[in-house]
Amino acid sequence: MTAGSPRSPWRGWAPAMLLLALGWLALIILLPLVTVFLEAFRRGAEAFFTSIDQPDTWAAVRLTLLVAAIAVPLNAVFGVAAAWCVTRFDFRGKSILTTLIDLPFSVSPVISGLVWILLFGAAGWFAPVLDALGIRVVFTVTGLVLATVLVTLPFVARELIPLMQEQGADEESAAITLGAGGWTTFFLVTLPNIRWALLYGVLLCNARAMGEFGAVSVVSGHIRGQTNTLPLHVEILYNEYNFVGAFATASLLAGLALVTLLIKSLLEWRYAGELAVRRRH
């Protein structure tokens with residue numbers, strides 16, 4: 001007998017469990033979000049906009065968007081390629097590839113940042129070569145991008161792999177049999193079939209990229225106006241006891257997150273509708 005059957009002894013607990021779940025979500029998610037905006041406007045709108053209208057704040061906004069704009073397309077391309085390899089081919093080391101894709105989920109972001117310090121830092125493995133070429137990686141935008149790419153690597157691939165496994169390769173095989181080339185098959189058959197899952201994965205990747213703290217904190221150097229993303233700038237303002245500025249900047253980040261959540265919900269609705277239509281046919 002299942003929990004949802006009419007004669008289940010748990011049926012009477014459903015309203016209480018629902019209220020408990022909603023209360024827990026309100027406590028863990030909604031309350032902190034509301035607190036951020038209340039603290040940001042605690043001294044009025046003028047203080048809020050004054051705190052926002054600072055050169056270092058806008059530099060942090062631009063840097064956050066720049067890092068996301070570079071890291072997300074790179075991971076989108078990797079995610080499509082990785083999902084294609086995993087779902088369309090059998091080869092030795094396939095399980096190793098899927099494990100490596102999931103590795104950033106299980107490794108602390110701080111460790112991910114330390115990896116780049118070990119490789120490209122002043123005493124890193126490649127430091128002599130980089131010094132000879134006059135190239136700097138750590139404490140630059142390049143380092144921020146590398147750290148962000150590493151921690152956001154699994155999102156697109158992990159959205160695409162289950163879908164492409166479920167869809168199979170019948171349509172692609174038919175297109176190739178009819179004379180379509182590889183790129184034609186990809187753009188006219190594969191890409192339309194995965195577009196909503198791809199957009200969903202890109203959205204999740206973008207949200208993580210903009211909000212990443214641990215990895216970028218290690219490689220940034222916390223240089224004001226140069227290597228501080230929005231999460232790092234919030235930390236600096238808070239440590240300086242500029243609470244209005246810290247919460248005002250945090251509200252910008254929260255606003256970006258809410259926009260991302262709205263787009264995510266719209267994609268989920270659109271994607272679910274399309275899946276239902278495909279299954280009926």
Side-chain angles (χ1 to χ4, degrees), residues 22-73 75 108-110 112-113 138-152 155 202-267:
L22 292 176
W24 181 253
L25 289 175
L27 178 65
I28 299 300
I29 298 176
L30 188 59
L31 182 60
L33 183 63
V34 171
T35 301
V36 167
F37 285 98
L38 288 178
E39 290 294 324
F41 286 95
R42 184 172 61 175
R43 296 184 181 177
E46 183 177 355
F48 171 84
F49 289 109
T50 300
S51 300
I52 292 296
D53 192 21
Q54 299 294 326
D56 289 343
T57 300
W58 288 112
V61 171
R62 289 191 296 269
L63 182 59
T64 300
L65 297 177
L66 174 63
V67 170
I70 298 173
V72 173
N75 276 334
S108 169
V110 175
S112 301
V138 177
F139 306 151
T140 66
V141 176
T142 303
L144 298 178
V145 171
L146 289 175
T148 304
V149 166
L150 180 56
V151 297
T152 59
F155 287 94
V202 165
L203 205 62
L204 293 177
C205 182
N206 181 68
R208 177 63 188 273
M210 290 190 300
E212 176 54 33
F213 178 84
V216 298
S217 178
V218 174
V219 300
S220 74
H222 297 272
I223 306 173
R224 283 180 179 269
Q226 297 183 34
T227 62
N228 273 344
T229 58
L230 275 174
L232 302 183
H233 190 58
V234 170
E235 181 196 32
I236 287 178
L237 292 175
Y238 191 84
N239 289 337
E240 293 177 346
Y241 301 101
N242 184 358
F243 300 124
V244 173
F247 281 104
T249 305
S251 70
L252 290 179
L253 198 57
L256 291 173
L258 290 174
V259 171
T260 302
L261 180 63
L262 175 61
I263 299 174
K264 170 180 171 292
S265 300
L266 292 174
L267 284 177

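At least one side-chain heavy atom of Leu253 sits under 4.5 Å from a side-chain heavy atom of Pro231. Between Asn228 and Leu63, the closest side-chain pair of non-hydrogen atoms is not below 4.5 Å.
The side-chain contact (heavy atoms from CB on, under 4.5 Å) search around Ile28 returns Trp24, not counting sequence neighbours. For Leu22, the side-chain contact (heavy atoms from CB on, under 4.5 Å) test picks out Leu18, with sequence neighbours left out. A search for side-chain hydrogen bond (donor to acceptor under 3.5 Å, both in side chains) contacts involving Asn75 returns Thr152, not counting sequence neighbours. In this structure Ala207 satisfies the side-chain contact (heavy atoms from CB on, under 4.5 Å) test together with Thr260, sequence neighbours excluded. For Ile263, the side-chain contact (heavy atoms from CB on, under 4.5 Å) partners are Leu203, Val259, Leu267, not counting sequence neighbours. Scanning for ring-ring contact (aromatic ring centres under 6.0 Å, His included) contacts around Phe247 gives an empty result, with sequence neighbours left out.
In terms of heavy-atom proximity, Ile52 sits nearest to Ala248 at CD1-O, 3.3 Å. Closest heavy-atom contact between Asn206 and Ala68: OD1-CB, 3.6 Å. Of all non-hydrogen atoms in Ser51 and Val244, the two that sit nearest each other are OG-CG1, 3.6 Å. Minimum heavy-atom separation, Gly255 to Phe37: N-CZ, 4.4 Å. Taking each heavy atom of Gly221 and Thr227 in turn, the nearest pair found is C-OG1, 4.3 Å. The heavy-atom pair separating Leu33 from Ala254 by the smallest distance is CD1-CB, 3.8 Å.
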For residues 138-151, please give each side-chain donor-acceptor pair under 3.5 Å, one per line with the distance, not counting sequence neighbours.
residue, atom, partner, partner atom, Å
Thr140, OG1, Val137, O, 2.5
Thr140, OG1, Thr142, N, 3.3
Thr148, OG1, Leu144, O, 2.8

Please tabulate, for side-chain N and O atoms in residues 210-217, each donor-acceptor pair with protein atoms closer than 3.5 Å (sequence neighbours left out).
residue, atom, partner, partner atom, Å
Glu212, OE1, Arg208, NE, 2.9
Glu212, OE1, Arg208, NH2, 3.0
Glu212, OE2, Gly214, N, 3.1
Glu212, OE2, Ala215, N, 2.9
Ser217, OG, His222, NE2, 3.2

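Pairs of residues two or more places apart, or lying in two chains, that qualify as side chain to side chain donor-acceptor pair (under 3.5 Å) and include a residue from residues 232-241 are Thr57-His233, Arg224-Glu240. Screening residues 27-50 for salt bridge (Lys or Arg N to Asp or Glu O under 4.0 Å) gives Glu39-Arg42 as the qualifying pairs, with residues at least two apart or on separate chains. Listed by first and then second residue, the salt bridge (Lys or Arg N to Asp or Glu O under 4.0 Å) pairs involving residues 143-152 amount to none (not counting sequence neighbours). Screening residues 41-70 for ring-ring contact (aromatic ring centres under 6.0 Å, His included), with sequence neighbours left out, gives Phe41-Phe48.
With values rounded to the nearest 0.5 angstrom, Leu237 atom CG is found 8.5 Å from Asp56 atom CG.
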